[in-house]
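Following: one structure in structure tokens, then a few remarks.
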Amino acid sequence: MISVAAELSATLGRAFAAEGLAAHFGQVTLSDRPDLCQFQCNGALAAAKAAKANPRDIAGRIAARLKEDARFSRIEIAGPGFINMDLTDAALAGFLEDRGEAPPNGKTALIDFGGYNIAKPLHVGHLRSSIIGDCLQRLYRANGWRVISDVHVGDWGLQMGQLISEIGLREIAPIYFDAAFDGPYPEVSPVTMEDLEEIYPAASAACKTDPARLELARRATVDLQDGRPGYRALWQHFVDVSQVGLSRETQSLGVSFNYWRGESSVHDLVAPMLEDLKARGFADISEGALVMPVAEDGDKKPMPPLMLVKSEGGLLYGTTDLATIIERVRDFDPDLILYVVDQRQHLHFEQVFRAARKAELTGKAVLEHAGFGTMNGPDGKPFKTRAGGVMKLYDLIAMATVQANSRLAEQGLGGDYAAEEKAEIARQVGLAAIKFADLSNHRITDYIFDLERFSKFEGKTGPYLQYAAVRIQSILRKAEAEGHDVGIPAIHSPEERALALQLLSQADVMIAAEAKRAPNILCDYAFELARKFSRFYGEHHIMSETDLALRGQRLGTCARTLAVLREILALLGIEVPERM
RNA sequence: GCGCUCGUAGCUCAGCUGGAUAGAGCAUCAGACUACGAAUCUGAGGGCCGGGAGUUCGAAUCUCUCCGAGCGCGCCA
């Protein structure tokens, strides 16, 4: 897949260079005024500013150098010095023939998302991290990156101590608390995932109201982290039962990870890291705790230090985050570590990143927090169940499936399909509604979750895009059944030209989405592609076309559009049913 | 108090490394099927881009300031 804009940028860049100007001024983009031209270059204005020259004059000299390039059908200077360009239909069709994949770029990105916790079922708070992170990993891979995704399970903090102490208090499994017992411990977990889901909130609530109870949890946490055998054994059971439950949920979401490492996996790195930081004078005791100052010269705002060890000896998530950077640099040597985590943790990441850079722990990696806003209910507050509790992901997906089912029924679709296929379509449509809605909003802003709106087949929704793809599949199926040949796309009309330009901007869009870590750019593109196809489809009847060559070309356009649409939807994690 | 992220059409949102007439979807109104899936398409109306000031040939975009919202701010994660 090549980028037409990049090709033209190179051409214009050479022209700028030949005029003694910097080549980067030659940057060409798809026109934002399609009524005026297909491609534009605004570099003459910037170049004129730098060279203190007349922009129209520079634009004219560049344009003169392009006159001999047969790919252009029109080059025009407009306004203060915009260079407007159109390509010939032959040139556009020629670009359309290339369909390669992005070659490996030799870089590694580690994407940290999910952030699930032991003993807690996934809830809507995990939804955005999962969906956005998964989209980014698919996109980065498609763009040639080597991607390592890691869910970074929360399995090492105070919650573990809360669970352990609660189980101790309830005397569910005394053997793990018997200091005299020297094993081996039972192989079967004394608690199920369901037990943990009940025990954790109870323990958490008790700790909130009772300082003595909290102290007990803290002690248990420290003992666990210090390696008390019974606690470790019990903890291992938590991890095992939770992982079964969690991976079942990510499967139903269609999200996957290369690694299911947890905070605990870096525990052995923590002590040496702390020694090292102390030895090099980066960390000091303050009010009984070990902290690392991360304020920098020139800070306009106060920057609290990163806390590494609590006064009672417990570790914090900043400690494990820092150690995890060491682990990741050691194991994968990434060029980029991307944290797809709630925007509310931004300050925390700022502290961790500063600490990592200050102590030179990052290797060649750039650290970046790709934060996201919250998913809110109709009242603008974080999404809750009707009862006011936290909405579980499982229930949310079920709601979306029900909604999709009734929409499909409303439209009288799939009436004669087998129940199994209908259920599968509803599942795919429901998930598409959720994912597209989530991804099409700008990552950093909050958005209001409105299932009814997201599930509509009209407008900018996941189901609409699935419908668009299914409709093209239907045409191609019919063409195949009638023995029609699928040819190579050609351009004979404004609708075909607009569609071709849209198809050709795929690479640029994928690069832009990568650079900004912004899935909504992909969503806009997919929607616009579907719309341009609909326009083409409305103007040109395909199956009844008697000119066989023309019919073949149009079928080729259909096939090509479908391929690109499916690719983009796949990046979004959205499946396309065979039929609806 | 300090900081972060925002404030764009009636509603939900794009656009923000400065560029031409600020765009979608929904809703409203007016059109288009004896044809491939009308779940669609075409067109119209609808905007002091929160207010003010500054930088610039040019500001929704950059800077400052004020107003408003959400969220953070060393022993939770």
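All heavy atoms count here, side chains included; hydrogens, waters and symmetry mates do not. Letters go in sequence order (proteins before strands), and every chain restarts at 1.
Contact of the A/Phe527 side chain with the A/Ser440 side chain is not registered, since no non-hydrogen atoms from C-beta on lie closer than 4.5 Å.
We find that CZ of A/Phe457 is positioned 14 Å from C1' of B/U40, with the value rounded to whole Å.
Under the rule for a ring pair (Phe, Tyr, Trp, His ring centres under 6.0 Å), the partners of A/Trp156 that lie at least two apart in sequence or sit in another chain are A/Trp235, A/His267. Remark: A/Leu529 pairs with A/Leu499, A/Gln502, A/Leu503, A/Tyr525, A/Thr561, A/Val564, A/Leu565 by the side chain to side chain contact (heavy atoms under 4.5 Å, CB included) rule, at least two apart or across chains.
A distance of 6.0 Å or more separates the ring centres of A/Tyr464 and A/Phe457.
For the pairing with A/Glu496, the salt bridge (Lys or Arg N to Asp or Glu O under 4.0 Å) check across A/Lys532, A/Arg535, A/Arg554, A/Arg560 returns one residue only, A/Arg554.
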Does the protein touch nucleotides 9-17 of chain B at the base, only the backbone, or not at all? Give it as B, S and - per nucleotide, heavy atoms under 4.0 Å. ---SSSSS-
Tell me, for nucleotides 27-35 of chain B in 5' to 3' order, what letter each nucleotide earns: B for a base near a protein heavy atom under 4.0 Å, S for only sugar-phosphate near one, - for neither? --------B
Pair assignment for RNA chain B - dot-bracket with | for other-strand partners, Watson-Crick or G-U under 3.5 Å: (((((((..((((.....[...)))).(((((.......))))).....(((((..]....))))))))))))....
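With hydrogens and angles left out, the side chain of A/Lys49 and the base of B/G58 share a donor-acceptor pair within 3.5 Å.
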Nucleotides 72-76 of chain B: which of its N/O atoms have a protein N/O under 3.5 Å away?
unit_1: B/C75; atom_1: O2; unit_2: A/Ser311; atom_2: N; d: 2.7
unit_1: B/C75; atom_1: O2; unit_2: A/Ser311; atom_2: OG; d: 3.2
unit_1: B/C75; atom_1: N3; unit_2: A/Ser311; atom_2: OG; d: 3.3
unit_1: B/C75; atom_1: N4; unit_2: A/Glu287; atom_2: O; d: 2.6
unit_1: B/C76; atom_1: OP1; unit_2: A/Arg218; atom_2: NH2; d: 2.6
unit_1: B/C76; atom_1: OP2; unit_2: A/Arg218; atom_2: NH2; d: 3.4
unit_1: B/C76; atom_1: OP2; unit_2: A/Lys310; atom_2: NZ; d: 3.2

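Among the protein residues, A/Tyr464 comes within range of the sugar-phosphate backbone only, with heavy atoms under 4.0 Å from sugar or phosphate atoms but none that close to a base.
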